[in-house]
> 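Got a structure here, written out as structure tokens. Questions coming.
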Number of protein chains: 2
Amino acid sequence: MCQLHQKTIEMIVKEGLDGFGINKLAKAAGVSPATIYIYYKDREDLIIQTTLRVSNVMLEESLKDFDPDMGFEEGLRKQWHNRAQYFLNHPLDVEFIEKMRYSHLYDKVAVHLYTSFKEVMGRFYNGAVSRKELIPLPFEVYWAVAFAPLYQLIKFHTQEKAFGHKKFTLTEDFMEQALQLVLKALKP
Amino acid sequence: MCQLHQKTIEMIVKEGLDGFGINKLAKAAGVSPATIYIYYKDREDLIIQTTLRVSNVMLEESLKDFDPDMGFEEGLRKQWHNRAQYFLNHPLDVEFIEKMRYSHLYDKVAVHLYTSFKEVMGRFYNGAVSRKELIPLPFEVYWAVAFAPLYQLIKFHTQEKAFGHKKFTLTEDFMEQALQLVLKALKP
DNA sequence: AAGATAAGTGAGCGTCCGCTTATTTATGAA
DNA sequence: TTCATAAATAAGCGGACGCTCACTTATCTT
């Protein structure tokens, strides 16, 4: 039942993993506690399956219209765009994933993720290096410089509390500005 | 009692906010549950105070030997160094802070943090711009490019699961390499 | 229409949790 | 030594929690 999926996300975001309970969820979704156990083995299974579902959508979205054999600048821009789109359009799901990423249950989720994603990303990276569009770097260094700034900007955007005096809003301009800096750093 | 502080961190890292309970903590610390309530108002107060204590140490460490009027490259390198030192020397505390950062209790912690830190960082940023050592940028864009890659590298280092085929270890070399890329991006 | 299966439920079980209370033990000033 | 205060405790209350069970209702097959 899809109601359960959505309510689970909402409640965990709002109240945290502690404070999230089966009885509360059942009441919020308008079903009997017993109904939940038709679809999920137990509380942990419910949380893990929900996390998996959301994460998979996110990964799919971030690869939309992306081809690992694209040129480096074009490919990187596409990925920044896709990620930003998803993050800005699904703030609740993103907050949910982040909460889960730092929970002790995440290990049990991570096993089932990223396999094809990693492959595609590796291929894109290798292609760019071999075409001399990207400085040869340890993959992790490349990744950190190429994507971490984007995630940080999105975090600033999402955050209630501003770091500086006023609330930060992520515009196309700011994104392009940051992307240019990253390209400047990574291009030979 | 300092035993409580440490055990709280250990248990929350290991079992998460759910699964962390007063009775368990008391048993692990070898005291009576009632003793905990001599020092802390309730469960939430215990968690918040513990988080505050750890966070404050982290912020202090990251400003060690740092002067906001330093030259840009020297100052940025010092900050990268301080953060890396702290993160690599206190992996448990870092994991604890990250868990807490994404919990629903973090709002109640954040209020008491960052005030002087933000001021120092702002001063450093303004000085560097006015000396033309740093491209003028929105503060958030600067921050994202300047520090997010470091945090990402540390995350790779800390992570059990490797992104690629083999476990990533953050060396001085990798850090310097990444720092050079960031400087290349940010310098006029 | 009859029977079989799936989907869903309300009530509540046993357990564990946060927290309190009545009491004991350690500390220290006179 | 006396006695007030602080520090710590063991035992356990009330309530919420995860989960189950006996049962009803909806759906499908022939």
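These values consider heavy atoms only, across backbone and side chains, with no hydrogens, waters or symmetry-generated copies. Numbers restart at 1 for each chain; the letters A, B, ... are given by sequence-line order, proteins then strands.
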> Does A:F168 have its ring centroid less than 6.0 Å away from the ring centroid of A:F174?
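Aromatic pair counts; centres sit under 6.0 Å.
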> How many whole angstroms separate atom OH of A:Y39 from atom P of C:dA6?
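From A:Y39 OH to C:dA6 P: 13 Å.
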> Just jot down the ring-ring contact (aromatic ring centres under 6.0 Å, His included) partners of B:H90, sequence neighbours excluded, or say none.
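Residues passing ring-ring contact (aromatic ring centres under 6.0 Å, His included) with B:H90: B:Y86.
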> Let me know the distance between CG of B:D45 and P of C:dC19, rounded to the nearest Å.
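B:D45 atom CG is separated from C:dC19 atom P by 10 Å.
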> Within this structure, what is the CD1-to-C1' distance between A:I36 and C:dG8, rounded to whole angstrom?
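Spelled out: CD1 on A:I36 to C1' on C:dG8 is 12 Å.
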> Output all residues satisfying side-chain contact (heavy atoms from CB on, under 4.5 Å) with A:E119, sequence neighbours left out; order by chain, then residue number.
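Listed in chain order: nothing, the list is empty.
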> Dump the intermediate steps for salt bridge (charged side-chain N to carboxylate O under 4.0 Å, His left out) on A:R77 and A:E73, then the final yes or no.
CA-CA 6 Å; A:R77 180 171 282 111; A:E73 177 163 347; 3.4 Å; yes
> Rounded to whole angstrom units, what separation is found between the OH atom of B:Y40 and the P atom of C:dG18?
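B:Y40 atom OH is separated from C:dG18 atom P by 16 Å.
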> Nucleotide by nucleotide, 5' to 3', does protein get under 4.0 Å of the base (B), only the sugar-phosphate (S), or neither (-) in nucleotides 12-28 of chain D, counting heavy atoms?
-----BBBBB-------
> Would you check if the side chain of B:K24 reaches a backbone N or O of B:G19 as a donor-acceptor pair within less than 3.5 Å?
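Pair found, side chain donor or acceptor close to backbone of B:G19.
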> Hey, mind stepping through A:E98 and A:R101 against salt bridge (charged side-chain N to carboxylate O under 4.0 Å, His left out) and telling me if it holds?
CA-CA 5 Å; A:E98 299 237 291; A:R101 250 195 95 77; over 6 Å; no
